[in-house]
Participant: 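My structure is below; once you've seen it, I'll send some questions.
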Amino acid sequence: AAAAAAAAAAAAAAAAAAAATAAADNDADAESDPAAERVVAVLLALRTLRRYDFGYVPLLDVAKRSVVPLLDDGRVRIREEAAATLVALLHRAYARMTGASSDRRAAPALVERALTTAAADASPRVRAALLRPLRHGAFAGALGASPQLTLRILSAAMHDSSLAVRTAAAAAFGRAATAAAPSAAMPALRQAVVRLAAELALSADARARADAAATLASLLGTAGGLARPYAGSLLSALVPALRDSSPTAAAASMQCLGALALTAGEDVAERAPELVREVTAHLADRLSHTKRTAALRALPRLVLSTGRVMRAYADAPRLLPLLLAAVRSENDSRARHDALRAIGVCGALDPHLAARQREEARQKRRAKQQAQDAKSTGAASLLPLPAAPPAAPEGETERGEALLAGESARALARVLAEPS
């Protein structure tokens, strides 16, 4: 009790000091307005309560008395801060909860209040603030305590007018489905997956297709193995969506593919070569930074989950040059980091094999160009077939395989020869 009182006093003092500082910085009108000062004080007190580390002091009773009433305030700013503070305190409580903690008794009612407020509040910012943290695993037990109510509220929120609310609700829905009994979760999950896949495949609006793909990616990211039975049908809808004429929809579909690969890697592996080529096509699109960024993030997930390490370069010979070009030319530092990570995941390519692949690619392009020229002149039947690439001389393959080892040995010898 003494520790709780001391922590509460420290939080109150910090909030009061912050409120006084903010009030001193406001203009003369704001300083003379008690209502404005009260709003600033409440907002700063909520932020202090959310951000200050109180250790293991139980705070859900404080949240029930002081934070929950603010969810009904008429000002959106206060409701949004109260929503963020409530779910932050709940997350902290579930992560640190002990058997004797009073937070264990107060938590279920507060989670239910957060869900009902997320379903009824008029502001999408408040709804998103309440739903976004529920994707974390700490909330799995709380969301699974009343599965019927939870899944019904989250399913309705997945039809929200705001994309931020829909994606947050989809992630929370997947988390709740993993914690609920299969008899309660699977029908609702099947309905959600089928609806989103149909919207992705059949909608005539590019914005609707992009939103469906983003919502589906959020759902797959937390549903885990529960979504694996639908991997085949989802791939059938995703592969055409990757070639969408809208860059936003195509990038969102690529993001969804990465989430599906993590969820059902064995099922995706059957079409891995085709999917790697689709990723390469996105990387080659120099007009859309969004598509390239999505491809750079999806590629490591696809390669790791399908076991295409080293084989991805054989599936798409242009992949390595495009990744190297992304490292050199992308302006976004995060995109360059993703490109380096993708190169590390795909593995190192034998220089001899890389040269041979480049030569084969050049011969294929040359043969294709000759066929097109022959077709345009009507003399395709008179042209000889392209010659097969010459076989590598005996011993050349062995030299190629030993190249990396030899270079490594020479580099080590140079290091050892340097004076210390």
Side-chain angles (χ1 to χ4, degrees), residues 67-68 70-73 76 79-91 94 107-181 184-200 203 205 207-224 226-227 230 252 255-256 259:
V67 178
V68 170
L70 296 177
L71 294 176
D72 298 323
D73 193 272
V76 175
R79 296 204 310 275
E80 184 180 6
E81 286 293 336
T85 301
L86 176 61
V87 291
L89 294 179
L90 282 169
H91 186 216
Y94 276 112
L110 292 178
V111 172
E112 183 175 344
R113 175 59 195 273
L115 287 171
T116 53
T117 303
D121 197 277
S123 171
R125 290 159 48 190
V126 177
R127 299 196 298 270
L130 286 167
L131 293 175
R132 195 177 294 116
L134 299 183
R135 65 174 298 139
H136 297 295
F139 287 100
L143 295 176
S146 302
Q148 298 291 345
L149 174 64
T150 300
L151 294 175
R152 185 168 63 250
I153 291 176
L154 295 175
S155 179
M158 289 171 64
H159 294 80
D160 197 273
S161 59
S162 169
L163 176 61
V165 176
R166 293 199 300 272
T167 54
F173 185 93
R175 182 65 63 194
T178 59
M186 292 306 292
L189 179 64
R190 185 187 308 112
Q191 183 179 6
V193 169
V194 170
R195 179 182 66 81
L196 291 171
E199 189 172 353
L200 174 63
S203 177
D205 182 20
R207 181 72 261 176
R209 295 194 300 271
D211 291 353
T215 306
L216 188 56
S218 298
L219 177 60
L220 294 174
T222 54
L226 292 179
Y230 315 109
Q255 177 188 1
C256 186

Participant: Rounded to the nearest 0.5 Å, what separates atom CG in Leu189 from atom OH in Tyr230?
Facilitator: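 Rounded to the nearest 0.5 Å, the CG-OH separation comes to 5.0 Å.
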
Participant: If I take atom CE from residue Met186 and atom CG from residue Leu226, how far apart are they, to the nearest 0.5 angstrom?
Facilitator: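 Here the interatomic distance stands at 5.5 Å.
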
Participant: Would you please say whether a donor-acceptor pair under 3.5 Å links the side chains of Ser162 and Arg166?
Facilitator: no

Participant: Take Met158 and Arg195, measure what side chain to side chain contact (heavy atoms under 4.5 Å, CB included) needs, and give me the verdict at the end.
Facilitator: CA-CA 11 Å; Met158 289 171 64; Arg195 179 182 66 81; 3.9 Å; yes

Participant: Measuring only between side-chain heavy atoms, which start at C-beta, is Gln255 closer than 4.5 Å to Ser218?
Facilitator: no

Participant: Measure from the side-chain N and O atoms of Thr222 to the backbone N and O of Arg135, and report whether any donor-acceptor pair falls under 3.5 Å.
Facilitator: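 No; zero donor-acceptor contacts below 3.5 Å.
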
Participant: Could you check Leu110 against Leu89 for side chain to side chain contact (heavy atoms under 4.5 Å, CB included), going step by step and ending with a plain yes or no?
Facilitator: CA-CA 10 Å; Leu110 292 178; Leu89 294 179; over 6 Å; no

Participant: What are the two closest non-hydrogen atoms of Pro108 and Tyr94, and how far apart are they?
Facilitator: N-OH, 4.0 Å

Participant: Between Thr167 and Ala164 (side chain of the first, backbone of the second, donor and acceptor by atom type, cut-off under 3.5 Å), is there such a pair?
Facilitator: yes

Participant: Can you measure from CZ (Arg79) to OG1 (Thr117) and round to the nearest 0.5 angstrom?
Facilitator: 10.0 Å

Participant: With a 4.0 Å cut-off, would you call Arg209 and Asp205 a salt bridge?
Facilitator: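 Here Arg209 does not pair with Asp205 in a salt bridge, since their nearest N and O are not under 4.0 Å apart.
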
Participant: Quick one, Arg125 with Val76, criterion side chain to side chain contact (heavy atoms under 4.5 Å, CB included). Give me CA distance, side-chain angles, the key distance, then yes/no.
Facilitator: CA-CA 8 Å; Arg125 290 159 48 190; Val76 175; 4.2 Å; yes

Participant: Roughly how far, to the nearest 0.5 Å, is the CD atom of Gln191 from the CG atom of Leu196?
Facilitator: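 Here the rounded value is 10.5 Å.
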
Participant: Mind checking the OG1-CD spacing from Thr150 to Glu112? Nearest 0.5 Å is all I need.
Facilitator: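 Separation between the atoms: 8.0 Å.
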
Participant: Do Thr178 side-chain atoms and Arg175 backbone N/O form a donor-acceptor pair below 3.5 Å?
Facilitator: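 It does hold such a pair.
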
Participant: Does a side-chain heavy-atom distance below 4.5 Å link Val87 with Leu131?
Facilitator: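 No, too far: nothing below the 4.5 Å cut-off.
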
Participant: Quick check: do Leu86 and Leu71 have side-chain heavy atoms less than 4.5 Å from each other?
Facilitator: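 Result yes, sub-4.5 Å side-chain heavy-atom pair found.
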
Participant: For Glu80, which of Asp121, Leu130, Val126, Thr85 qualifies under side-chain contact (heavy atoms from CB on, under 4.5 Å)?
Facilitator: Val126

Participant: Any idea which heavy atoms bring Ala138 and His91 closest together, and the distance?
Facilitator: CB-CD2, 3.6 Å

Participant: Calculate, to the nearest 0.5 Å, the distance between atoms CG and OG belonging to Leu115 and Ser146 respectively.
Facilitator: 9.0 Å

Participant: Mind listing the closest non-hydrogen atom pair of Ile153 and Ala119 along with its distance?
Facilitator: CG2-CB, 3.9 Å

Participant: Taking all atoms of both residues into account, what is the closest heavy-atom pair of Ala169 and Leu154, and its distance?
Facilitator: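 For Ala169 and Leu154, the tightest heavy-atom pair comes out as CB-O, 3.9 Å.
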
Participant: So does Asp72 pair up with Arg113, basic N to acidic O under 4.0 Å?
Facilitator: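 Salt bridge flag = yes for Arg113 with Asp72.
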
Participant: Set out, in order, the CA-CA distance, both residues' side-chain angles and the distance that settles side chain to side chain contact (heavy atoms under 4.5 Å, CB included) for Leu219 and Thr215, then state yes or no.
Facilitator: CA-CA 6 Å; Leu219 177 60; Thr215 306; 5.8 Å; no

